[in-house]
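The basis for the numbers below is simple: all heavy atoms, side chains too, and nothing from hydrogens, waters or symmetry mates. Each ligand, and each atom within it, is numbered from 1 in the order the structure gives. All residue numbers in this chain count up from 1 along the given sequence.
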Amino acid sequence: MDELADKHIVLGLSGGIACYKAAELCRCLIKHGASVQVVMTEAAEQFITPVTMQALSGQPVFRSQWDARSAGGLANNMAHINLSRKADAILVAPASADLMAKLAQGHACDLLTLLCLARPLQRVPLLLAPAMNHEMWAHPATQRNAAQLRADGVRVLDVGVGEQACGESGDGRMLEPPDLLYELLRALSPQTLAGQAVLVSAGPTYEAIDPVRGLTNLSSGKMGFAIARAAHEAGAEVTLVAGPVALATPRGVQRIDVRSALHMQAALQTHSQRARIFISAAAVADWRPAQTQDEKIKKGGSRQAPTLSLVENPDILAGIAASERARSGALFCVGFAAESHNLLAHAQAKRVRKGVALLVGNIGPDTFGRDDNALLLVDAQGATELPRAPKLQLARQLVAEIARRLPG
Ligand code: CTP
């Protein structure tokens, strides 16, 4: 996806060995459709050359506040103003301890600090990806500067843990390019769910027959995981209760793994106590074996095939939608409907039966396991179609639709 199409990113590099990762980051931003203007400090040039960054970004690198070239289309010799006005975001990666100290103090001693100080505060987000030795990161001065920068509205990103270039080990590694790309996308997303607690269920459930066999379904969890990511991008604090799926946890999302419908119900009931929104995207098994055998059921010699006796699982969504919090409006519930035919009629009936404000219909066989989907949103006012698109794109649209319907 060209997620950064039409976005102008200023990529700032300060001095640190993590400059080598900035080369890959630059490629990654370009690949996602951004135009990238690289700005380097003198110290950064000790680690990577402007030639490399120019080749990767396709634009000459700015290195000095005295650079008289035209910047951002203007030849007024004010690169710090022009570059920061043209930018949709400024990402400094790596951000050294020294650069953070300077920014925290409001210094403007080179082009990078100058343009960070000159950025329009409300319109251009500034992200810093710290990279330094773990002792430097943990030092009270650096932590004090990070706290001051956060209070000033700068997005100081977290750091990775592990082996460092100096041979020591600890906190202070710069985040990897895919994580930095995600943080940039998040900074550029409309914060429609800022600060809201969102609970999402995803994936199938697995109902054990014996220790090695069970009943499950073809849900991949991709839609629910995409919704969790989209809600986090929109500023929510997200808890994802996931059935057994082999998907990576979206960055910043708290994940709780469960197996059976009963496990899922317990986790969702607990977390729905403090959620503002519950999105039930899981394909919960409707039935489970009446009894789970402790030992593997053996075929034996001439034994007949065993008969499975099933009992119905609780309807988790209907239960939560009937809770006091949901009925009082404190919890906004969104259901899904996986159907094979008559989507509109089934979705409308299911919305009423489950007692939810919004129900999202989809055709099960057309979505399970796929990377794209098409959705039909049904609420008391009628139905809205979200045409076939990648699941992440649909998830972002769905989050916007939920935010629009959220009371208050
Ligand atoms: N759901 C649930 N608990 C269940 C079954 C479903 O919470 N035991 C939730 C799903 O997460 C989804 C919605 O209810 O949000 C509808 O699920 P779906 O499988 O489409 O419907 P069912 O209730 O199973 O009804 P039917 O099988 O008759 O279509």
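In this structure, CG on Asp158 lies 8.0 Å from CG on Asp179, to the nearest 0.5 angstrom.
Residue nearest to atom 11 (O) of ligand 1, selected from Ala282, Ser340, Ser219, Ala349: Ala282 (by heavy-atom distance). Counting heavy atoms only, Lys350 comes closest to atom 29 (O) of ligand 1 of the residues Arg353, Lys350, Glu339.
The aromatic rings of His232 and Tyr182 sit parallel, their planes meeting at an angle under 30°, below the 60° perpendicular limit.
Contact analysis leaves Gly319 out of contact with ligand 1, as no non-hydrogen atom separation drops below 4.0 angstrom. Proximity of Ala261 to ligand 1 is not established, as no heavy-atom distance is less than 4.0 Å.
Any N or O atom pair closer than 3.5 Å counts here, and Ile316 shares at least one such pair with ligand 1. For ligand 1, the polar-atom distance check against Pro314 finds a nitrogen or oxygen pair separated by under 3.5 Å. The shortest N/O to N/O separation between Ala285 and ligand 1 does not fall below 3.5 Å.
In this structure a side-chain-to-backbone donor-acceptor pair under 3.5 Å is present from Asn217 to Ala283. Side-chain atoms of Glu168 do not come within 3.5 Å of backbone N or O of His134 as any donor-acceptor pair. One N or O on the side chain of Thr292 and one on the backbone of Ala208 form a donor-acceptor pair closer than 3.5 Å.
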Quick one: side chains of residues 94-102, donor-acceptor pairs under 3.5 Å with protein atoms, not counting sequence neighbours, listed by atom name and distance.
| residue | atom | partner | partner atom | Å |
| --- | --- | --- | --- | --- |
| Ser96 | OG | Leu99 | N | 3.0 |
| Asp98 | OD2 | Lys102 | NZ | 2.8 |

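Residue contacts with ligand 1, taken as heavy atom pairs separated by less than 4.0 Å, involve Leu317 via backbone and side-chain atoms alike. Proximity of His346 to ligand 1, defined as any heavy-atom pair under 4.0 Å, is not found for any part of the residue.
When each atom of ligand 1 is checked for a heavy atom of Ala337 under 4.0 Å away, the hits are 20 (O).
Under the rule for a side-chain hydrogen bond (donor to acceptor under 3.5 Å, both in side chains), Gln37 has no partner lying at least two apart in sequence or in another chain.
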